[in-house]
Engineer: 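Okay, handing you the structure first.
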Amino acid sequence: MRFVKGHGTENDFVILPDPDGALDLTPGAVARLCDRRAGIGADGVLRVVRTKAADPGVMPGGASFGDAEWFMDYRNADGSLAEMCGNGIRVFARYLVDAGLAAPGEWDVATRAGLRRVTLGASGDVSVGMGRADLLGPGEATLAGTVFQGERVSVGNPHLACRVDGPVTALDLSRAPGFDPAAFPQGVNVEFFRFVGERHVEMRVYERGSGETRSCGTGTVAVAAAAAAIQGTIGASETSDWTVDVPGGRVGVALDGQAARLTGPAVLVAEGEAWPGWI
């Protein structure tokens, strides 16, 4: 099994080229690949599949693949399916261009959250249209016995963005935050964020199926939307540009009231072959 390793702000992935959809990728296989001691190590797996080889049922609401040539089959580190990954799709797009499977420019990628349009050159950062960041009302997370108030946000996948007053480095994310399972029946990514400047926040995240990660692309969008709502600018007609610092680096999020755009690095670091029979 051929693989490529890459990351976006240190949110890292095992990329599996599978254009013809031939791999039988079980949850157990994904978990073994992502194991940081006994496997390759990653926060998730990106399977690269041509849309003509993908199951049309992966698209939400029976939507069409449209002109998208590629489907991003994203799996969390525990093998569970995920709708979308903002850092992952940037790494996915960078892989396609660097491997000669797509040209630099602007085109759609199919995901379980729908079509997402990426923009990238032959090198450098990758930008992706993330769709709407829908604010769904208040929610609560519990961490080390403390209750944090937050905003439920959908970015194609579920988030709970909680504002804190002190540095996010002081939080203990060694265990999963508690949340209301009735509000999040499919689980939730929980972000904790703090304002550190004008339209500038820092955040940490505990991702469902992966634990604390160094970054979460959809999480940065959710946090920017929640922060903008606190400032009363969400839904404004003009674009607001946010800077989001994560343990693995920095990304930019542009909100225009209807949709969000995420821009940040995507780096490929290695490629190889898994030992026959290991997986």
Side-chain angles (χ1 to χ4, degrees), residues 8-9 11 60-61 74 76 80-90 111-114 116 128-143 147-165 168 171 173 176-196 199-210 212-213 215-236 239-246 251-264:
T9 49
N11 190 194
Y74 179 62
N76 295 314
S80 59
L81 300 177
E83 301 88 346
M84 175 57 183
C85 179
N87 290 323
I89 196 170
R90 298 199 320 274
T111 77
R112 290 187 179 85
R116 295 293 184 265
V128 55
M130 299 291 287
R132 291 179 57 88
D134 290 322
L135 303 180
L136 304 177
E140 290 183 348
T142 304
L143 190 65
V147 176
F148 294 86
Q149 301 300 318
E151 179 73 27
R152 294 180 292 121
V153 187
S154 173
V155 191
N157 58 352
H159 293 267
L160 177 58
C162 302
R163 180 184 180 181
V164 299
D165 295 325
V168 295
L171 298 171
L173 291 183
F179 60 88
D180 180 2
F184 301 104
Q186 304 302 317
V188 64
N189 302 306
V190 183
E191 292 85 23
F192 299 91
F193 71 93
R194 178 177 74 129
F195 287 93
V196 293
R199 292 182 179 175
H200 186 182
V201 295
E202 63 173 11
M203 78 165 227
R204 286 173 65 195
V205 58
Y206 194 101
E207 294 195 58
R208 58 175 182 166
S210 296
E212 184 183 8
T213 57
S215 179
C216 173
T218 53
T220 62
V221 173
V223 161
I230 290 171
Q231 291 191 343
T233 59
I234 191 72
T239 299
S240 62
D241 294 320
W242 288 81
T243 299
V244 184
D245 292 337
V246 293
V251 298
V253 178
L255 303 171
D256 70 2
Q258 298 299 319
R261 177 163 290 276
L262 171 66
T263 301

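Counting from 1, the numbers follow the sequence of the chain as shown.
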Engineer: Would you check if there is a donor-acceptor pair between the side chains of His159 and Thr218 at a distance under 3.5 Å?
Structural biologist: yes

Engineer: Is there a donor-acceptor pair under 3.5 Å between the side chain of Glu202 and the backbone N or O of Val168?
Structural biologist: yes

Engineer: Is the shortest heavy-atom distance from the side chain of Asp134 to the side chain of Val153 under 4.5 Å?
Structural biologist: no

Engineer: Going from CG on Asn157 to CD on Gln186, what distance comes out if it is rounded to the nearest 0.5 angstrom?
Structural biologist: 11.5 Å

Engineer: Can you find a pair of side-chain heavy atoms, one from Phe148 and one from Thr142, that are under 4.5 Å apart?
Structural biologist: no

Engineer: Given the rule in the side-chain contact (heavy atoms from CB on, under 4.5 Å) test, do Asp241 and Arg199 qualify, once you have shown the distances and angles that lead to the verdict?
Structural biologist: CA-CA 7 Å; Asp241 294 320; Arg199 292 182 179 175; 5.7 Å; no

Engineer: Kindly compute the distance separating CD1 (Ile230) from CZ (Phe195), expressed to the nearest 0.5 Å.
Structural biologist: 4.5 Å

Engineer: Ignoring hydrogens, what is the shortest heavy-atom contact between Gly187 and Pro158? Give both atom names and the distance.
Structural biologist: O-CG, 3.2 Å

Engineer: Would you check if Ser154 and Leu136 make a side-chain contact, meaning some heavy-atom pair closer than 4.5 Å?
Structural biologist: yes

Engineer: How far does CZ of Arg261 sit from CG of Leu255, to the nearest 0.5 angstrom?
Structural biologist: 12.0 Å

Engineer: One thing to verify: whether Arg152 and Glu191 come together as a salt bridge, which I'm taking to mean a side-chain N less than 4.0 angstrom from a carboxylate O.
Structural biologist: no

Engineer: Flag the pair Glu212 / Val190 as yes when at least one side-chain heavy-atom distance between them is below 4.5 Å, and no otherwise.
Structural biologist: no

Engineer: At what distance, to the nearest 0.5 angstrom, does CG of Leu262 lie from OG1 of Thr220?
Structural biologist: 4.5 Å

Engineer: Which pair of heavy atoms, one from Val244 and one from Met203, lies closest together, and at what distance?
Structural biologist: CG1-CG, 4.0 Å

Engineer: Are the side chain of Thr111 and the backbone N or O of Gly114 linked by a donor-acceptor pair below 3.5 Å?
Structural biologist: yes

Engineer: Do you know which two heavy atoms are closest between Phe193 and Ala227, and how far apart they sit?
Structural biologist: CE1-CB, 4.0 Å

Engineer: I need the Leu143 CG to Glu140 CD distance, nearest 0.5 Å.
Structural biologist: 13.5 Å

Engineer: Once you round to the nearest 0.5 Å, how far does CG of Leu160 lie from OH of Tyr206?
Structural biologist: 14.5 Å

Engineer: Using only atom types and a distance under 3.5 Å, with no angle test, would you say the side chain of Arg204 pairs donor to acceptor with the backbone of Val246?
Structural biologist: no

Engineer: Below 4.5 Å, heavy atoms only, C-beta onward: do Thr263 and Val251 meet side chain to side chain?
Structural biologist: no

Engineer: Would Arg208 and Glu83 count as a salt bridge (charged side-chain N to carboxylate O under 4.0 Å, His left out) if you check the C-alpha gap in whole Å, the side-chain angles of each, and the deciding distance to 0.1 Å?
Structural biologist: CA-CA 12 Å; Arg208 58 175 182 166; Glu83 301 88 346; 2.3 Å; yes

Engineer: To check you understand the geometry: which heavy-atom pair defines the closest contact between Val253 and Ala224, and what is its length?
Structural biologist: CG1-CB, 3.8 Å

Engineer: Any chance you could lay out the side-chain contact (heavy atoms from CB on, under 4.5 Å) test for Arg116 and Met84, step after step, and finish with the verdict?
Structural biologist: CA-CA 9 Å; Arg116 295 293 184 265; Met84 175 57 183; 3.7 Å; yes

Engineer: If you take all heavy atoms of Asn76 and Gly209, which pair is closest and at what distance?
Structural biologist: CB-O, 3.8 Å

Engineer: For Glu151 versus Ala226, what's the shortest heavy-atom pair and its separation?
Structural biologist: CB-CB, 4.2 Å

